[in-house]
Amino acid sequence: MKSYTSIVGSKIYDENPDMYQLGFMQKFTFGSADVYTEEISIGRYAFTFVSFGFLSFDPDRSGKFLFSTPMYWEVGGGAGFNINVSRHVAIMLEFGGGLHDVYDGAKLGYPKKLNTAGFGRISIGTRYYIN
């Protein structure tokens, strides 16, 4: 089991190009041995996560100051692959989903598809290990 804390940003699929979210994620992974062994290796794992953060838009989809209320939260899980390319660097590919909610979103007028909505996500990224 490993634990990762990340800063995450997402584009919310919509016709408005200014709908983003920025937050923090705590992720726990469970799976096969996932260490660099002097050659490129692939580790498979399952994961669960919780995240919270800020939205870049108001209920009418106009822009707002990013670090003002309301906040969002998410919970979810999925499966992933860690491609270990060196002792310190890995490329990750994840498939998952979960539940997204805007705190007091219904009361504030956020659309139902953004407030308390299920989602699917494909993530591609890199990890840097300090060891």
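Predicted model only: the values in this text are computed from it and were never measured.
- Hydrophobic clustering (side-chain heavy atoms under 4.5 Å, transitive across Ile, Leu, Val, Met, Phe, Trp, Tyr) groups Val102 together with Met25.
- Between Tyr20 and Ser56, the closest heavy-atom pair is N-OG, 2.8 Å.
- Annotation: side chain of Asp104 is not in contact with side chain of Pro70 (no heavy-atom distance under 4.5 Å).
- Cluster membership for Val50 and Met1, using ILVMFWY side-chain heavy atoms within less than 4.5 angstrom, is not shared.
- The structure places CD of Glu38 at 10.0 Å from OG of Ser86, a figure rounded to the nearest 0.5 Å.
- With a 4.5 Å cut-off on side-chain heavy atoms, Leu22 and Phe67 count as touching.
- Remark: Ser51 pairs with Glu74 by the side chain to side chain donor-acceptor pair (under 3.5 Å) rule, at least two apart or across chains.
- Residues passing the side chain to side chain donor-acceptor pair (under 3.5 Å) test with Ser41 are Asn84, sequence neighbours excluded.
- Listed by chain and number, the residues in a side-chain contact (heavy atoms from CB on, under 4.5 Å) with Ser123 are Met92, Glu94, Arg121 (sequence neighbours excluded).
- Residue Lys2 places its NZ atom among more than 12 non-hydrogen atoms of other residues, nucleotides or ligands, all under 6.0 Å distant.
- Side-chain contact check for Phe47 versus Thr29: some heavy-atom pair is nearer than 4.5 Å.
- Across all their heavy atoms, Tyr72 and Phe54 have their closest contact at CE2-N, 3.5 Å.
- Residues Tyr4 and Leu93 fall into different hydrophobic clusters, defined by Ile, Leu, Val, Met, Phe, Trp and Tyr side chains chained together at heavy-atom separations under 4.5 Å.
- A chain of hydrophobic side-chain contacts below 4.5 Å, direct or via other Ile, Leu, Val, Met, Phe, Trp or Tyr residues, connects Phe65 to Phe52.
- Counting heavy atoms of neighbouring residues, nucleotides and ligands inside a 6.0 Å radius, atom OH of Tyr103 does not exceed 12 of them.
- What you find for Val85 and Ile40 is that their closest heavy atoms are CA-CG1, 4.2 Å.
- In the hydrophobic cluster analysis, where Ile, Leu, Val, Met, Phe, Trp and Tyr join through side-chain heavy atoms closer than 4.5 angstrom, Leu55 is grouped apart from Met71.
- Distance check, rounded to the nearest 0.5 Å: OG1 of Thr126 to CD1 of Ile83 gives 12.0 Å.
- By the 4.5 Å heavy-atom criterion applied to side chains, Leu99 and Trp73 are counted as neighbours.
- Here the side chains of Phe24 and Ile7 are in contact, with some heavy-atom distance below 4.5 Å.
- Residues satisfying the salt bridge (charged side-chain N to carboxylate O under 4.0 Å, His left out) criterion with Lys64, sequence neighbours excluded, are absent altogether.
- Taken to the nearest 0.5 Å, the CZ atom of Arg127 stands 11.5 Å off from the CD1 atom of Ile91.
- Arg44 meets the side chain to side chain donor-acceptor pair (under 3.5 Å) test with no other residue; sequence neighbours excluded.
- Within the structure, every pair that satisfies the ring-ring contact (aromatic ring centres under 6.0 Å, His included) test and touches residues 111-131, not counting sequence neighbours, is listed here: His88-Tyr128.
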